[in-house]
Q: 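Dumping the structure here so I can ask a few things about it.
Whatever order the structure lists them in is the order used to number ligands and atoms, beginning at 1.
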Amino acid sequence: MARTSTGLRMGAGVAAAAAALGVAQLLAVFFSPAADARTAVGTAVINLTPGPVKEWAIQTFGTADKLFLSVMVIVMIGVLAAVAALGERSRIPTGTLAILAGAVAGSAAVLALPGARPVDIIPTLIGAVCGIAVLRLLTSGRIAEGRATASMEAAGVDPGRRLSLVTLGFAGVGLLSGVGGAVIGRGLRSVSGDRDSFALPAVKSPAPPIPADVQPQGVQLPNFITSNADFYRIDTALRVPQLSRADWRLRIHGMVDREVTYTFEDLRKFEPIEKVVTLTCVSNPVGGDLISNATWTGYRVRDLLRDSGIHADADMVLSTSIDGFTAGTPVEALSDGRDSMLAIGMNGVPLPVEHGYPARLVVPGLYGFVSATKWVTDLELTRFDRTQAYWTKLGWSERAPIKTESRIDVPRDGQKVPVGPVTFGGVAWAQSRGIQSVQVRIDDGPWQFARLGASYSNDTWRLWSFPWQATAPGTHTITARATDNTGATQTQDQATPAPDGATGWPSVSFEVR
Ligand SMILES: Nc1nc2c(c(=O)[nH]1)N[C@H]1C(S)=C(S)[C@@H](COP(=O)(O)O)O[C@H]1N2
Ligand SMILES: [Mo]
């Protein structure tokens, strides 16, 4: 065996991994969505990551957490492949073994996905075979020793350089097939056409119009209604599920007298309603932005459940999405007067795909992880003492009503405030109870009432403003606390988001000068 430099060996490992992943990605186009091993491995990593690490990723990267994960998975595979290739020998082919191990892990990850069939591991296996072939070729010494092609010889390319070029070539082909496969796969499966051709049903009693004075004047605050583009997004889906209306089903089963499965067409027999509801993520830290407000169109879950004959001892609805996420919601929250919805529209258009197209749950008053299942396909009537939903298994609470909270949007931390009049402001929320007042304190001064934007409903956030005279130059602090309509004031006790939502008063330092 020719002695190949460390760098070239590591390069061979990376090229082999690129070829394996690229071929697998390209071939996956011909199989079910589960066949994409790269995404399957990422999904497995998400599922196997301990709760606190997930929490850290959400806190640190927010909506970019998935991009971070995808990049990390590819970087990790590249590093492993490079290291494994270093030891590739004919007696102990560590690189080959590493690729085989990768193929086994990839196949297992594929088969673990909901809806995966055994044939879906074929792209992974063929990819692995290609990766091994590339690795063996590059580490065999054949290219460096073999007869140079006439053109290479003419160009004076030496054997080491020849090997680097061939290695780069394989890496490039792998990369191109991978990107090509990902792009083609996405195009083939995309439901954006299905979504574009969907017109929301006309609603007989639209949500009450939004009065202009929900929005305080004189301060730049978030819009009372969040645009779909700005709406926060949190989910465990590495690849946004692409579920067409024709393929969508909602099965209602478990502790019921009559099991039923609705098609999307079947929903027409129910009365469409419209409701403005503020969604909040339990992972939102004090002062965080994992909260948004939209007008939702859809059907009352209560209406969908009406004919099922729910057993009296059922206390939980376990909702499941097409990608296997689950949330456990109290039966009461889905059947009482709050009009929990199976939402199909968001701000007047069909649900954006990343927000659950074609249908999701929207439950006023509960954090998203126990209620707001996107791409929902299954409602099982069950009991809290019989089963646990996705995040509860990871140590989060089984029931999670939204806490009374406020946030300071203006000033931003460290903002320079010129001496003179200024208006501060923010948002406050206590969905299902509603906000009664917001108080603000500058430094250690007395609590003063903020001005409240008009209340739209108890299920929506309330914007507030606070006009102030900046006189004394220097560093100052503004602190806020909200009181809900039950008279309960936001607690000063600091709590982390886990297990049932962060608490504490938001506080921001600013600079008067
Ligand atoms: N299928 C699915 N639905 C889901 C989740 C998920 O991971 N998968 N996350 C939930 C959580 S934790 C929140 S906070 C809300 C966020 O909804 P949004 O992305 O539309 O803002 O969706 C909920 N629904
Ligand atoms: Mo969440």
Side-chain angles (χ1 to χ4, degrees), residues 42-43 46-47 49 51 54-55 57-59 61-66 69 113-115 222 225-243 248 250 277-285 288-298 317-329 340-347 349-379 389-398 400-403 405 429 431 461 496-502:
T43 303
I46 295 183
N47 289 337
T49 300
K54 280 192 230 216
E55 183 50 26
I58 290 177
Q59 301 284 323
F61 303 104
T63 298
D65 57 348
K66 287 176 208 65
L69 176 73
L113 291 179
I225 294 285
T226 316
S227 70
N228 290 353
D230 291 339
F231 205 97
Y232 85 92
R233 173 187 165 203
I234 289 291
D235 53 61
T236 59
L238 202 48
R239 186 183 43 204
V240 179
Q242 304 289 321
L243 179 57
W248 181 87
L250 183 67
V277 178
T278 302
L279 287 194
T280 312
C281 182
V282 71
S283 298
N284 196 39
D289 56 7
L290 299 179
I291 173 165
S292 300
N293 186 42
T295 303
W296 306 94
T297 310
V317 174
L318 185 75
S319 54
T320 306
S321 67
I322 187 77
D323 63 335
F325 168 87
T326 54
T329 312
S340 292
M341 294 168 79
L342 177 76
I344 57 170
M346 183 174 177
N347 291 328
V349 296
L351 279 182
V353 181
E354 62 274 23
H355 290 290
Y357 182 84
R360 71 168 309 164
L361 295 177
V362 169
V363 180
L366 301 184
Y367 287 118
F369 81 108
V370 293
S371 67
T373 304
K374 306 191 270 189
W375 317 287
V376 65
T377 57
D378 190 291
L379 302 180
Y390 186 91
W391 286 103
T392 308
K393 283 185 199 147
L394 294 168
W396 294 70
S397 293
E398 60 176 26
I402 295 174
K403 296 175 178 177
E405 299 293 325
W429 62 93
Q431 291 93 309
W461 62 6
T496 56
D500 63 359

Q: Less than 4.5 Å apart, any side-chain heavy atom of Trp248 and any of Ile322?
A: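 They are not in side-chain contact.
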Q: In the protein, what heavy atom is nearest to atom 17 (O) of ligand 1, and what distance, to one decimal place, separates them?
A: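 For this ligand atom, the closest protein heavy atom is Arg360 NH2, 3.0 Å.
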Q: Just to confirm my output: which protein heavy-atom neighbour is closest to atom 23 (C) of ligand 1, and how far is it?
A: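 Checked against all protein heavy atoms, atom 23 (C) of ligand 1 sits closest to Ala372 O, 3.5 Å.
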Q: Relative to ligand 1, is Tyr390 under 4.0 angstrom through side chain, backbone, both or neither, heavy atoms considered?
A: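 The answer is neither.
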Q: Quick one: does Ser319's side chain have a donor or acceptor within less than 3.5 Å of a partner on Thr373's backbone?
A: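 No; judged by distance alone, with no hydrogens or angles, the pair does not exist.
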Q: Do you know the tightest heavy-atom contact between Pro352 and Met346?
A: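 Closest approach of Pro352 to Met346, heavy atoms only: CD-SD, 3.6 Å.
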Q: Answer with side chain, backbone, both or neither: which part of Phe231 has a heavy atom less than 4.0 angstrom from an atom of ligand 1?
A: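 For Phe231, only side-chain atoms sit under 4.0 Å from ligand 1.
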Q: For Lys403 versus Tyr367, what's the shortest heavy-atom pair and its separation?
A: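 Closest pair (atom of Lys403, atom of Tyr367, distance): N-OH, 3.1 Å.
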Q: With atoms numbered from 1 as shown, which atoms in ligand 1 lie under 4.0 angstrom from a non-hydrogen atom of Thr373?
A: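 It comes down to these atoms of ligand 1: 3 (N), 24 (N).
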Q: At less than 4.0 angstrom from any non-hydrogen atom of Ser321, what atoms of ligand 1 do you find?
A: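 Atoms satisfying the 4.0 Å criterion: 1 (N).
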Q: Write down the atom of Lys374, the atom of Glu354, and the distance for their closest heavy-atom approach.
A: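 Shortest heavy-atom contact: NZ-O, 3.1 Å.
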Q: Looking at atom 2 (C) of ligand 1, what's its closest protein heavy atom, distance included?
A: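 Nearest neighbour among protein heavy atoms for atom 2 (C) of ligand 1, to 0.1 Å: Phe325 CD2, 3.3 Å.
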Q: Provide the number and element of each atom of ligand 1 under 4.0 Å from a heavy atom of Phe369.
A: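 Taking each heavy atom of Phe369 in turn, ligand 1 has 11 (C), 12 (S) under 4.0 Å.
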Q: Show me which atoms of ligand 1 lie under 4.0 Å from any heavy atom of Asp323.
A: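 Within the 4.0 Å cut-off of Asp323, ligand 1 contributes 1 (N).
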Q: Would you check whether Thr280 has a nitrogen or oxygen atom less than 3.5 angstrom from a nitrogen or oxygen atom of ligand 1?
A: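 No.
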Q: Give me the nearest non-hydrogen protein atom to atom 14 (S) of ligand 1 as residue plus atom name, then the distance to 0.1 Å.
A: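 Protein heavy atom with the smallest distance to atom 14 (S) of ligand 1: Tyr232 OH, 3.2 Å.
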Q: List the closest protein heavy-atom neighbour of atom 13 (C) of ligand 1: residue, atom name, distance to the nearest 0.1 Å.
A: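 That would be Gly368 CA, 3.7 Å.
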Q: Taking Thr226 for the side chain and Asn293 for the main chain, is one N or O donor matched with an acceptor at less than 3.5 Å?
A: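 Yes, the answer is positive, given that a donor and an acceptor are paired below the 3.5 Å cut-off.
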Q: Relative to ligand 1, is Cys281 under 4.0 angstrom through side chain, backbone, both or neither, heavy atoms considered?
A: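 Both backbone and side chain.
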Q: Would you please determine whether Glu354 falls within less than 4.0 Å of ligand 1 on a heavy-atom basis?
A: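 Heavy atoms of Glu354 never come under 4.0 Å of ligand 1.
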Q: Taking all non-hydrogen atoms of both residues into account, name the closest pair between Ala237 and Asp323 and its distance.
A: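 Looks like CB-OD2, 3.4 Å.
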Q: Check this for me, if you would: do Lys66 and Asp235 make a salt bridge, where the nitrogen-to-carboxylate-oxygen distance has to be below 4.0 angstrom?
A: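 Looking at Lys66 and Asp235, the cut-off is met.
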Q: At what distance is the nearest protein heavy atom to atom 9 (N) of ligand 1, and which residue and atom is it?
A: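 Answer, as residue, atom name and distance: Ile234 O, 3.4 Å.
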Q: Nearest heavy-atom pair of Leu342 and Ala359: which atoms, and what distance?
A: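 Where Leu342 meets Ala359 most closely, the heavy atoms are CD1-CB, 3.9 Å.
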Q: Look at atom 7 (O) of ligand 1 and find which of Asn228, Thr236, Val376 reaches it with the closest heavy atom.
A: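 Among Asn228, Thr236, Val376, the closest heavy atom to atom 7 (O) of ligand 1 comes from Thr236.
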Q: Donor-acceptor check, side chain of Ser292 to backbone of Tyr232, threshold 3.5 angstrom: yes or no?
A: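 Between the backbone of Tyr232 and the side chain of Ser292 there is a qualifying donor-acceptor contact (under 3.5 Å).
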Q: Distance to 0.1 Å, residue and atom name: give those for the protein heavy atom nearest to atom 3 (N) of ligand 1.
A: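 Looking at atom 3 (N) of ligand 1, the protein heavy atom closest to it is Lys374 N, 3.0 Å.
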Q: Looking at Trp396, Phe369, Phe325, which hits ring-ring contact (aromatic ring centres under 6.0 Å, His included) with Tyr390?
A: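 Among Trp396, Phe369, Phe325, the one that satisfies the ring-ring contact (aromatic ring centres under 6.0 Å, His included) with Tyr390 is Phe325.
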